[in-house]
Amino acid sequence: MQVQLHFSISFTTLAMFLVKTWRSTAFGLYGYLNFTKSAYLDHSKNFKAEEMETLMPGKNCIVTGANSGIGYSTAEGLAQRGATVYLVCRNKDRGEAALSQIQTKTGNQNVYLEICDLSSVAEIKSFASRFSEKNVPVHVLVNNAGVLEQNRITTSEGFEFNFAVNVLGTYAITELMVPLLEKASPDARVITVSSGGMYSTPLTTDLQYSENFNGVEQYARNKRIQVALTETWADKYKNKGIGFYSMHPGWAETPGVAKNLPSFSKSLSGKLRTSEEGADTVIWLALQPKEKLVSGAFYFDRAEAHKHLAFAATRGSHASINSVVGSLNSMASLFV
């Protein structure tokens with residue numbers, strides 16, 4: 001009996017190791033072939049220029065993490081098209097610098113700065129309360145703010161830092177903005193910037209990575225949850241006139257990547273996309289007629305993309321999202 005049990009455990013451990021190794025290998029190969037700058041240039045041959053020519057006067061857009069990288073490029077692109085854009089940033093000085101640059105470059109003065117630390121549920125609730133007083137419809141919410149912290153850090157509210165920003169913060173701000181998004185129905189949409197890293201991991205209910213912490217894997221787990229949350233929101237609010245879309249920007253050369261993944265950034269030097277190329281599909285999703293888009297879908301390079309790699313054993317994991325949502329509601333004290 002003990003021999004059988006030992007064999008069973010050994011086989012299970014081996015199987016898990018092989019699956020995890022396959023996920024990592026498949027993701028690396030798939031990413032190198034599809035997520036780089038050269039792949040973007042190749043994919044862009046099928047892009048239609050007219051799809052990016054729509055103007056957005058009178059449209060209110062919120063972009064989180066908008067002071068640099070993809071968030072900044074997204075905010076600038078929306079402002080160029082005449083939208084009223086609200087930059088949600090944690091750092092006041094960097095936010096003001098981004099605000100000034102966008103106003104100057106686009107000539108659009110309807111760009112505003114909102115200060116909010118998206119790692120804090122209390123600050124998100126405060127921001128949502130302040131913003132709701134404007135009583136303006138929100139046509140586009142771009143959940144771009146994200147972090148990849150290699151070390152396990154706990155926020156003042158007791159949450160693991162990556163999770164607090166990437167998952168709990170994204171969840172809280174989205175749910176709290178729903179009433180204002182409804183005011184923009186049927187044209188309202190939420191675009192969540194995920195990552196191809198999510199291909200390397202299944203959804204897990206261990207939200208705060210309780211043992212043997214790995215920052216890169218936690219980030220990938222967070223990004224998988226964002227994709228599953230988008231599916232959940234699409235179903236939950238299907239009759240509210242709000243579209244929900246997740247997307248992957250490709251491997252882009254941003255300040256966040258350079259700081260938190262220096263070896264990755266160095267090894268792919270010259271092969272990474274620009275922030276503007278990374279933001280391209282975010283802006284495209286904000287501009288397209290909703291009948292062209294699929295709520296709950298995952299997009300990459302202006303097209304719907306699959307959410308799972310072959311033989312990666314991640315597909316069934318999304319069944320756990322209701323448990324995750326329950327935990328998020330409890331942590332954020334929403335709907336109680």
Side-chain angles (χ1 to χ4, degrees), residues 8-9 12-13 15-24 26-27 119 121 143 146-148 152 154-155 157-176 178 190-238 244-248 294-300 304-336:
S8 177
I9 293 173
T12 301
T13 301
M16 290 176 63
F17 170 78
L18 291 175
V19 168
K20 195 168 184 178
T21 301
W22 165 250
R23 285 180 193 141
S24 178
F27 165 64
S119 72
V121 174
N143 288 318
V147 296
L148 195 172
R152 196 180 199 286
T154 302
T155 69
E157 295 174 343
F159 304 115
E160 189 279 317
F161 184 54
N162 292 291
F163 162 78
V165 176
N166 301 333
V167 177
L168 189 59
T170 295
Y171 182 76
I173 196 170
T174 300
E175 292 288 359
L176 292 169
V178 165
V190 175
I191 304 163
T192 299
V193 180
S194 182
S195 167
M198 68 96 188
Y199 282 122
S200 66
T201 184
L203 188 144
T204 175
T205 55
D206 180 15
L207 301 179
Q208 302 200 64
Y209 213 124
S210 54
E211 296 181 2
N212 302 315
F213 184 80
N214 180 304
V216 173
E217 185 166 349
Q218 174 69 330
Y219 179 81
R221 290 180 177 188
N222 293 169
K223 293 302 176 176
R224 168 64 69 186
I225 291 174
Q226 288 180 341
V227 172
L229 280 175
T230 297
E231 296 173 340
T232 299
W233 283 323
D235 182 62
K236 179 179 180 180
Y237 296 115
K238 61 187 175 185
F244 293 85
Y245 317 99
S246 57
M247 62 78 64
H248 170 37
V294 179
S295 190
F298 181 63
Y299 284 84
F300 174 63
E304 187 175 353
H306 54 80
K307 301 171 183 176
H308 308 274
L309 295 180
F311 309 113
T314 58
R315 192 179 305 275
S317 67
H318 282 211
S320 299
I321 191 60
N322 289 338
S323 174
V324 171
V325 169
S327 296
L328 296 177
N329 285 334
S330 176
M331 292 172 177
S333 298
L334 298 176
F335 310 115
V336 294

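Values in this document were obtained by computation on a predicted structure and should not be read as measured data.
- Residue Leu148 holds its CG atom at 8.5 Å from OG of Ser195, rounded to the nearest 0.5 Å.
- Of the inter-residue distances, the one linking Leu176 atom CG with Tyr171 atom OH reads 9.5 Å to the nearest 0.5 angstrom.
- In terms of heavy atoms, Thr230 sits closest to Ala297 at CG2-O, 4.4 Å.
- In this structure, Phe161 has no ring pair (Phe, Tyr, Trp, His ring centres under 6.0 Å) partners at least two apart in sequence or on a different chain.
- Every pair tested for salt bridge (Lys or Arg N to Asp or Glu O under 4.0 Å) that includes a residue from residues 316-329 fails, sequence neighbours excluded, so the list is empty.
- Across all their heavy atoms, Phe298 and Met247 have their closest contact at CE1-C, 3.7 Å.
- With hydrogens and angles left out, the side-chain atoms of Thr314 and His308 include a donor and acceptor closer than 3.5 Å.
- Applying the salt bridge (Lys or Arg N to Asp or Glu O under 4.0 Å) rule to pairs touching residues 304-326 yields Glu231-Lys307, sequence neighbours excluded.
- Between Ser194 and Val227, the shortest heavy-atom distance links the atoms OG-CG2, 3.5 Å.
- Every residue two or more places apart in sequence or in another chain that forms a ring pair (Phe, Tyr, Trp, His ring centres under 6.0 Å) with Tyr199 is listed here: Tyr30, His306.
- Under the 4.5 Å side-chain criterion, counting only non-hydrogen atoms from C-beta, Tyr209 is not in contact with Phe163.
- Listed by chain and number, the residues in a ring pair (Phe, Tyr, Trp, His ring centres under 6.0 Å) with Tyr245 amount to none (sequence neighbours excluded).
- If you take CG on Asn162 and NZ on Lys223, they are separated by 10.0 Å, rounding to the nearest 0.5 Å.
- Remark: Glu217 engages Lys20 in a salt bridge, criterion side-chain N to carboxylate O under 4.0 Å.
- Looking at heavy atoms from C-beta onward, Arg152 lies in side-chain contact with Thr154 at the 4.5 angstrom threshold.
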Passes side-chain contact (heavy atoms from CB on, under 4.5 Å), Met331 versus Phe159? Steps please.
CA-CA 9 Å; Met331 292 172 177; Phe159 304 115; 3.8 Å; yes
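- Between Thr155 and Ser119, the shortest heavy-atom contact is CG2-O, 4.1 Å.
- Within the structure, every pair that satisfies the salt bridge (Lys or Arg N to Asp or Glu O under 4.0 Å) test and touches residues 197-213, not counting sequence neighbours, is listed here: Asp206-Arg221.
- Scanning both residues, Arg23 and Pro202, for their nearest heavy atoms gives NH1-CD, 3.4 Å.
- Counting all heavy atoms, side chain and backbone alike, Ser320 lies closest to Thr205 at CB-CG2, 3.9 Å.
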